[in-house]
Amino acid sequence: MSNLFKKIASKKSGARIALAIIAISIFTASVGREVYFTKVSVVPKKDSVASVKAFMQVYEVLTHPRCMNCHPAGDIPLQGEDSHLHAMLPKRGVDGKGVYAMKCSNCHQPTNSPGLHTPPGNPNWHLPPADMKMIFQGKSPRELAKQLLDPATNSHKTHEQLIEHVSFDKLVVGGWSPGEGRELPPGTHKEFVAKFKTWIETGAYVPSADAKAPIKKNR
Amino acid sequence: MNRRNFIQSGALFAGGLLISFKIPTAKKMAALGEAKAGVPFSPNAFLNIGTDNSITVVLSHVEMGQGIWTTLPMLIAEELDVSLDQITVKHGGADKIFDHTLYGVQITGGSSTTWSEFDRYRNAGATARTLLTQAASKRSGIPIQDCKTENGTVTAGERKFTYGELAADAALLPVPENIPLRNKADWKYIGKSIKRLDAKVKTNGEAIFGMDIQFPGLLTAIVVHPPVFGGKVKSFNDSNSKAVSGVRQVVKIPTGIAIIADHYYAAQQGKKALQVIWESSSNAGLSTIKQTAAYKKLAATNGQTVQEKGDAGAGLLKSVKTLKAEYVFPYLAHAPMEPLNCTVKLEKDSCEIWTGTQIPTTDQAAAAKILGLAPEKIKINVPFLGGGFGRRATPTSDFVSEAVHIAKACGKPVKLVWSREDDIRGGFYRPFVVHNVTTGLDQNGMPTAWKHNIVGQSIMKGAANVLGELKTPIDDTSVEGVKGSPYLTSIPDHFVGLHTTKELIPVLWFRSVGYTHTAYVMETMMDELAHNAGSDPVEYRRGFFKEHPRHLAALDLVAEKGNWKEALPAGRFKGVAVAESFGSYVASIAEVSISNGQVKVHKIDCAIDCGLAVNPEGVKAQVESGIIFGLTMALYGEISIKDGKVQQNNFYDYKIGRIHESPEINVYIVDSDDKMGGVGECSVPPTAPAIANAIFAATGKRVYNLPLMNHQLLAKK
Amino acid sequence: MTVLNVNEKAYEIDASKDMPLLWALRDLLGLTGTKFGCGVAQCGACTVHLDGEAVRSCVTKIERAVGKRITTIEGLSPDSDHPLQKAWIEFDVPQCGYCQSGQIMSAAVLLRENPTPTDQDIDDAMAGNICRCGTYLRIRAAIHQAAKMQREGKKS
């Protein structure tokens, strides 16, 4: 898919820009941005307000149980709409695929199992590996944005690869077909990808330190 | 007495002559008198010795994990002079001869197998040994006192006979009476740890459980049950179900709609495709919240008198201080690992049933009634039970009756299989119970008055067909453990009352029955009293046990072995509890810590006085098992109701303790020659209160309702 | 027709590809050592090996098992002499016994991948298998013993 995207700029900026906007008072443009846009679109202007706004919507998706439950702070995945520790405490393992008799795919099939409360499926069900945990749980918007942008903490992905990942990775896409009875992340997957791209393409700005996770509606 | 009543010969079996020694209990002998002479015996007996040297022990009780597959053969081997590896074990079917020696009905329950069969099975072995010795004496001409039995043989002078060689002769001899049993000092097996005889087949897939019954032509049935207890089918549409490949029939039965198919998967698909409209049920308004409120209200008033001494009301008024507590316990599902199932094969005038049951003759009678056949026309085969805990002793024979109805309706051999959801949601729970306790204390913190009311459904009222009508309005299983408590007898003014309620939710005995809640109430109350008095909880209890030496022995042993007096490292806390149940006395110390609002149980030390421990390792295994069962109950056990519907479904919301939650367990057996008690259930009662008392030590808070998962616990600073 | 390779034998079965392997093994092939406990991958009673991994056969469709090696408790060892089976007997592990096929099949993967498991490793491997009789402590002891037997067996 990389031919759909073209890397056009790589820029370093240490400048700290303060802007007053409705929801967020201060945000920071972090270091090491790589900005992408699609071939057919107009080169988007960098727009720190639009970028952060888009990220905050991305953040809502990433911290939704469908995404966050497999990006736990510890080495045990989470489960359910309340993101409790996964029953029977399966461990991440070195490769993120579980350990011994408790490997993810021992229960999680290539497709969703039928019925309520059965294991959701995916051909490559796993957590991030032990050397690249990509924790979402407990991360502030700023922390998560920085983590996603830094190749050292995002599994060595370029911005282009990040967009590709959120667009086509089967586990990411699977978040929107989670099996019977499970809540979907906010918005459609297409909308999520669009927000993600907007975030990156408008400058991949990082929310300010006091940017808060939006209050989640009652589930 | 006609010897042919007790000895059967003549059946050709395995290329030899099969001899069965049938040793009835004394009280059954009259019933089996001359009238039955000439009627062929059922092949069931306690012991068969074949001419091929096969030695088969037939169990009057059933193996559901508790280890009697090993213990009962030990009793026979002890007297028969055979080694355990010579013995084959099998379950008896439904037969009066297997009636419980005390309860008078065929039942495995009440932690009673070993003590209730201790004499009967030893007698069976001793009788057979005597007959075989007599046969050897006759054949060899050697005087009987010079014939010695050893390891399945009789040595008579120079000659040596195997039991198989003597079996046919022995069968013709009159059955001797009053054979002396061996002295304790001579025991080779009893009192020694003997490895389980069923372990191998339970580790290689060979063990056959009810679920594993298969034969050509056998179909599988699953039932769509009403969503609310007592619900009835208004109408249903089975066209989509019948279109499922493998679905053979859909039939309406009294308990729902049965889908009958070639295999479970097809039946399951057929179930999903079925459309049912249910009639509204009067139970639809029931909820745990409403039930809790109603029961609490009742518990605040005096119920029917269970036990009374002096004047509790006046005593409370006189007391220096009162402590009040209100306890709430939820319904609990047994959830044996093997989901309930029953296989039925109907013939023209008879029926054969295979099912894991704790009450074979009761199920036999239920099937006979449904089919309009005499009970003896129903053959019950009992494979291994994949857990029972009381659930496979349903007085209404619920799953057996359901299977028989299906077989009758479809006319084909059928195996009814309940799903786990059917099991969790299908009722027959440990009752929902509320206790209301007020204690009055003197200036030393000792109780001088005690008022105690209990509210709950009666288990025994639904069990009259098995154990007889209640003789008083008080169902002992609702109050056992409070009634007769060693603490209460010393309190001059006390009252124990019971409100027996009626609900459509079916209730049943559940491993350790009433003690599941009464021990919790008594032991957490006593702990509260001890702390109130500034006393050590062990020492405070000891003061009540002056005339209860077996309580004391268990408590003292666990306090010593569990280092009660030693301080624990920071962050660890301990609690103690002691309870008598089923004739045994068990004391436990739990060691816990608190993290993330929840309790972690690190260790349980447990001492049991069960009298003679026939198989000490088996006793330990059962005590461990009961502790884990009690732990699960304390941490997670809860069936709740909303809009008449059970809120739980399967192990994801009816949680069972797992290996990582299992504490270290140390079991100590009191060296005791006292009367034998039970084992299988007896470590359940003190487990939850020991944990709760440790939680108090950790948090300074009392937990008055279970399960613990509903509480956010906070360790004291 | 679908071909399943179970315990080194090929079986031809006529079943929907969606049928859970558990029911194919039990109801079509008569291999009843593998147990039905919950049907939703919660209890582990149905654990079998699929190319050596301890899958829960109640949620594993037969289409996933086609072309793979399926091993059930009946095929774990030729004479019930797997170190785990021997240790299970030595430690009186089974009580009702219903869950034990699954327990052993799970433990077998642990021992293959970790010949010297710690208590934590045992928890990590075995927490997916429920035993209502509460034989967990004996399971733990037997796994340690089996690991020892396996190591000593390999030395000799």
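Just so you know, these numbers come straight off a predicted model, no measurement behind them. In what follows, chains carry the letters A, B, and so on, assigned in the order in which the sequence lines appear, proteins first and then strands, with residues in each chain numbered from 1.
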For Thr70(B) and Arg196(B), test the side chains for any donor-to-acceptor distance below 3.5 angstrom and give the result as yes or no.
-> no
For chain C, find which of Ala207(B), Gly67(B), Ala335(B), Gly387(B) contributes the most heavy-atom pairs closer than 4.5 angstrom.
-> Ala335(B)
Partners of Ser101(C) by side chain to side chain contact (heavy atoms under 4.5 Å, CB included), sequence neighbours excluded?
-> Ile73(C)
How long is the gap from CD on Gln100(C) to CD on Gln85(C), to the nearest 0.5 Å?
-> 11.5 Å
Residues His61(B) and Thr113(B): side-chain donor-acceptor under 3.5 angstrom = yes
Relative to chain B, which segment of Leu22(C) carries a heavy atom at a distance below 4.5 Å: side chain, backbone, both, or neither?
-> neither
Where on Arg138(C) is there a heavy atom nearer than 4.5 Å to chain B: the side chain, the backbone, both, or neither?
-> side chain
With no hydrogens and no angle check, do the side chains of Gln95(C) and Gln622(B) hold a donor and an acceptor under 3.5 Å apart?
-> yes
Select one option (side chain, backbone, both, neither) describing which atoms of Ile130(C) are under 4.5 Å from chain B's heavy atoms.
-> both
Non-neighbouring partners of Ala65(C) that pass side chain to side chain contact (heavy atoms under 4.5 Å, CB included), sequence neighbours left out | Leu4(C), Leu21(C), Leu50(C), Ile70(C)
Top contributor to chain B contacts, counting heavy-atom pairs under 4.5 Å, from Ile122(C), Val40(C), Thr72(C), Leu28(C) = Val40(C)
Proximal component of Thr34(C), with respect to chain B [non-hydrogen, under 4.5 Å] | neither
Interface moiety of Ile89(C) toward chain B, non-hydrogen atoms closer than 4.5 Å = both
Centre of Phe384(B)'s six-membered ring, under 6.0 Å away, within 45 degrees of the axis: is that where NZ or CZ of Lys202(B) sits?
-> yes
Quick one: are Ile194(B) and Glu617(B) in side-chain contact, heavy atoms under 4.5 Å?
-> no
Structural part of Leu84(C) lying under 4.5 Å from a heavy atom of chain B = neither
Just give me the residue among Pro336(B), Gly356(B), Pro339(B) that pairs up with chain C most often, heavy atom to heavy atom, under 4.5 Å.
-> Pro339(B)
Interface check, chain C: of Glu661(B), His660(B), Glu338(B), most non-hydrogen pairs under 4.5 Å belong to Glu338(B)
How would you list, by chain and number, every residue that makes a ring pair (Phe, Tyr, Trp, His ring centres under 6.0 Å) with Phe651(B), sequence neighbours excluded?
-> none
Engaged part of Asp18(C) at the chain B interface, taking heavy atoms whose separation is under 4.5 Å = both
Is it true that the side chains of Glu421(B) and Asn650(B) contain a donor and an acceptor less than 3.5 Å apart?
-> yes
In residues 262-270 of chain B, which residues are in contact with chain C at a heavy-atom separation under 4.5 Å?
-> His263(B), Tyr264(B), Tyr265(B)
Option from Phe510(B), Phe389(B), Tyr654(B) for which ring pair (Phe, Tyr, Trp, His ring centres under 6.0 Å) with His334(B) holds | Phe510(B)
